[in-house]
Amino acid sequence: MDKKLLEMTQNQIQMEYFSGYLYLSMADWLERQDLPGAANWMYIQYQEEVLHAQGFIKFLQRLGQPIALRQIDQPQREFESLEEVFQMALDHEKEVSESIRNMAKRANEADEFEMREFLNWYIMEQVEEEENAEENLANVQLIGNNPAGLYSLDKSWAARSFEAEDIPYIEG
């Protein structure tokens, strides 16, 4: 495998695990703000990010490539507002999207067809991730400080459940 692409993939694994830590930290803060539905939404994001990291790991293993698990930085633990939490989530998803697109560009340049095909699922997954983050932020901004609106929105977030998606080209 192209050395630069392998390095980028190792970095992506680290980024996916950091994403999980970030969402777990957000979930904790939301719990402390008595927003269990929002905390549930973030906890499910945490589970998805761990699954995404595992997908990259399993794909590299299929290609016979080594895995280098790197240190994960501590995410932010305190936030000023619900809006800040969801703005940060959106900004972070945009960073993840850019990282994956850069990997796809490199895969194209290096004629790494297998990796390029594998990344297609992640590219489309990021479209969904950004869309969800934008919707959450817009909803938070729409309700402002309206307690009834916040209560209703929190209940809708509480209804979300985790269903592990099958990432193409990996087993299990």
Side-chain angles (χ1 to χ4, degrees), residues 8-9 11-31 33 35-59 72-73 75-77 79-108 115-170:
M8 293 172 84
T9 307
N11 290 340
Q12 190 65 38
I13 292 167
Q14 180 185 32
M15 180 180 262
E16 297 292 343
Y17 279 124
F18 174 80
S19 298
Y21 268 36
L22 178 62
Y23 288 127
L24 195 56
S25 181
M26 289 174 171
D28 175 65
W29 185 84
L30 292 163
E31 283 286 352
Q33 306 310 306
L35 293 167
N40 175 65
W41 200 92
M42 290 297 179
Y43 185 69
I44 290 169
Q45 282 301 111
Y46 154 76
Q47 292 173 297
E48 285 188 4
E49 300 304 337
V50 170
L51 180 68
H52 295 166
Q54 291 171 336
F56 280 106
I57 289 169
K58 288 181 179 182
F59 190 70
I72 302 168
D73 292 335
Q76 183 173 330
R77 296 183 59 228
F79 305 91
E80 294 295 321
S81 66
L82 184 61
E83 183 174 348
E84 180 189 10
V85 168
F86 282 102
Q87 181 66 60
M88 183 177 285
L90 174 58
D91 293 345
H92 183 73
E93 289 300 339
K94 287 180 177 182
E95 289 177 30
V96 172
S97 296
E98 183 65 20
S99 178
I100 293 170
R101 283 192 298 273
N102 286 336
M103 288 176 62
K105 289 175 191 173
R106 181 61 192 181
N108 284 340
M115 179 59 85
R116 183 60 184 91
E117 181 67 23
F118 175 68
L119 290 172
N120 284 337
W121 182 87
Y122 282 92
I123 290 167
M124 295 312 298
E125 175 68 10
Q126 283 307 121
V127 169
E128 179 184 332
E129 296 287 6
E130 285 188 39
E131 182 179 56
N132 289 338
E134 287 171 352
E135 181 180 333
N136 284 334
L137 179 59
N139 285 334
V140 168
Q141 291 170 335
L142 180 66
I143 63 163
N145 292 325
N146 180 319
L150 182 56
Y151 177 80
S152 178
L153 188 55
D154 197 58
K155 288 293 181 190
S156 72
W157 285 325
R160 185 179 188 210
S161 63
F162 178 70
E163 293 183 29
E165 295 182 74
D166 289 331
I167 299 173
Y169 308 111
I170 64 169

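Here the structure is a predicted model, which means the values were calculated and not measured.
- The nearest pair of heavy atoms linking Pro36 to Asp154 is CD-OD2, 3.3 Å.
- Scanning both residues, Leu51 and Ile167, for their nearest heavy atoms gives O-CD1, 3.6 Å.
- No more than 12 heavy-atom neighbours from other residues, nucleotides or ligands sit within 6.0 angstrom of OH on Tyr21.
- Checked by atom type and distance alone, the side chain of Ser99 never pairs as donor or acceptor with a backbone atom of Glu95 at under 3.5 Å.
- For the side chain to side chain donor-acceptor pair (under 3.5 Å) test, residues two or more places apart in sequence or in another chain that qualify with Ser19 are His92.
- In this structure, Met124 and Asn120 have side chains that are not in contact, with every pair of non-hydrogen atoms separated by 4.5 Å or more.
- With hydrogens and angles disregarded, no donor-acceptor distance shorter than 3.5 Å links the side chain of Asn40 to the backbone of Ala159.
- Looking at heavy atoms from C-beta onward, Leu142 lies out of side-chain contact with Leu153 at the 4.5 angstrom threshold.
- Among residues two or more places apart in sequence or in another chain, the ring pair (Phe, Tyr, Trp, His ring centres under 6.0 Å) test is passed with Phe118 by Phe56, Phe59, Tyr122.
- Put simply, the side chain of Ser25 never gets that close to the backbone of Leu22: no donor and acceptor are under 3.5 Å apart.
- Residues Glu165 and Trp121 are in side-chain contact: their nearest non-hydrogen atoms beyond the backbone lie under 4.5 Å apart.
- Within the 4.5 Å cutoff, side-chain heavy atoms of Ile44 are placed close to those of Gln47.
- Between Val96 and Glu49 there is no side-chain heavy-atom pair separated by less than 4.5 Å.
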Checking Lys105 against Met8 for the side-chain contact (heavy atoms from CB on, under 4.5 Å) test, could you report, in this order, the C-alpha distance in whole Å, the side-chain angles of both residues, the deciding distance, and whether it holds?
CA-CA 11 Å; Lys105 289 175 191 173; Met8 293 172 84; over 6 Å; no
Show, in sequence, the C-alpha distance, side-chain angles and deciding distance for Tyr23 and Met26, and conclude whether the side-chain contact (heavy atoms from CB on, under 4.5 Å) test is met.
CA-CA 5 Å; Tyr23 288 127; Met26 289 174 171; 3.8 Å; yes
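- Interatomic distance, OG1 of Thr9 versus CE of Met15, reported as 12.5 Å (0.5 Å rounding).
- The shortest heavy-atom contact between Leu137 and Gln87 is CD2-OE1, 3.0 Å.
- To the nearest 0.5 Å, atom CG of residue Asn139 and atom CG of residue Leu150 are 11.0 Å apart.
- Side-chain contact check for Lys155 versus Tyr151: some heavy-atom pair is nearer than 4.5 Å.
- Using modelled atom types, one finds no donor on one side chain facing an acceptor on the other under 3.5 Å when comparing Glu16 with Gln54.
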For a side-chain contact (heavy atoms from CB on, under 4.5 Å) check, start with the C-alpha distance between Ile123 and Arg116, then their side-chain angles and the critical distance, and finish with the verdict.
CA-CA 10 Å; Ile123 290 167; Arg116 183 60 184 91; 3.6 Å; yes
Audit row: Lys94, Glu134, side-chain contact (heavy atoms from CB on, under 4.5 Å) steps and yes/no:
CA-CA 10 Å; Lys94 287 180 177 182; Glu134 287 171 352; 4.2 Å; yes
Let's go through Asn136 and Trp157 carefully: what are the C-alpha distance in whole Å and the side-chain angles of both, what is the deciding distance for side-chain hydrogen bond (donor to acceptor under 3.5 Å, both in side chains) to 0.1 Å, and is it a yes or a no?
CA-CA 9 Å; Asn136 284 334; Trp157 285 325; 2.9 Å; yes
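- Atoms CD and CE, from Gln76 and Met88 in turn, are 3.5 Å apart once rounded to the nearest 0.5 Å.
- Met42 places a side-chain heavy atom less than 4.5 Å from the side chain of Leu30.
- Contact of the Glu129 side chain with the Glu48 side chain is registered, since non-hydrogen atoms from C-beta on lie closer than 4.5 Å.
- Atom-to-atom distance recorded for Arg77:CZ and Leu24:CG is 11.0 Å, nearest 0.5 angstrom.
- Here the straight-line distance linking atom CG of Leu82 with atom CD of Gln141 works out to 10.5 Å at 0.5 Å rounding.
- Every residue two or more places apart in sequence or in another chain that forms a ring pair (Phe, Tyr, Trp, His ring centres under 6.0 Å) with Tyr46 is listed here: Tyr43.
- The distance from the CZ atom of Arg160 to the CH2 atom of Trp41 is 4.5 Å, given to the nearest 0.5 Å.
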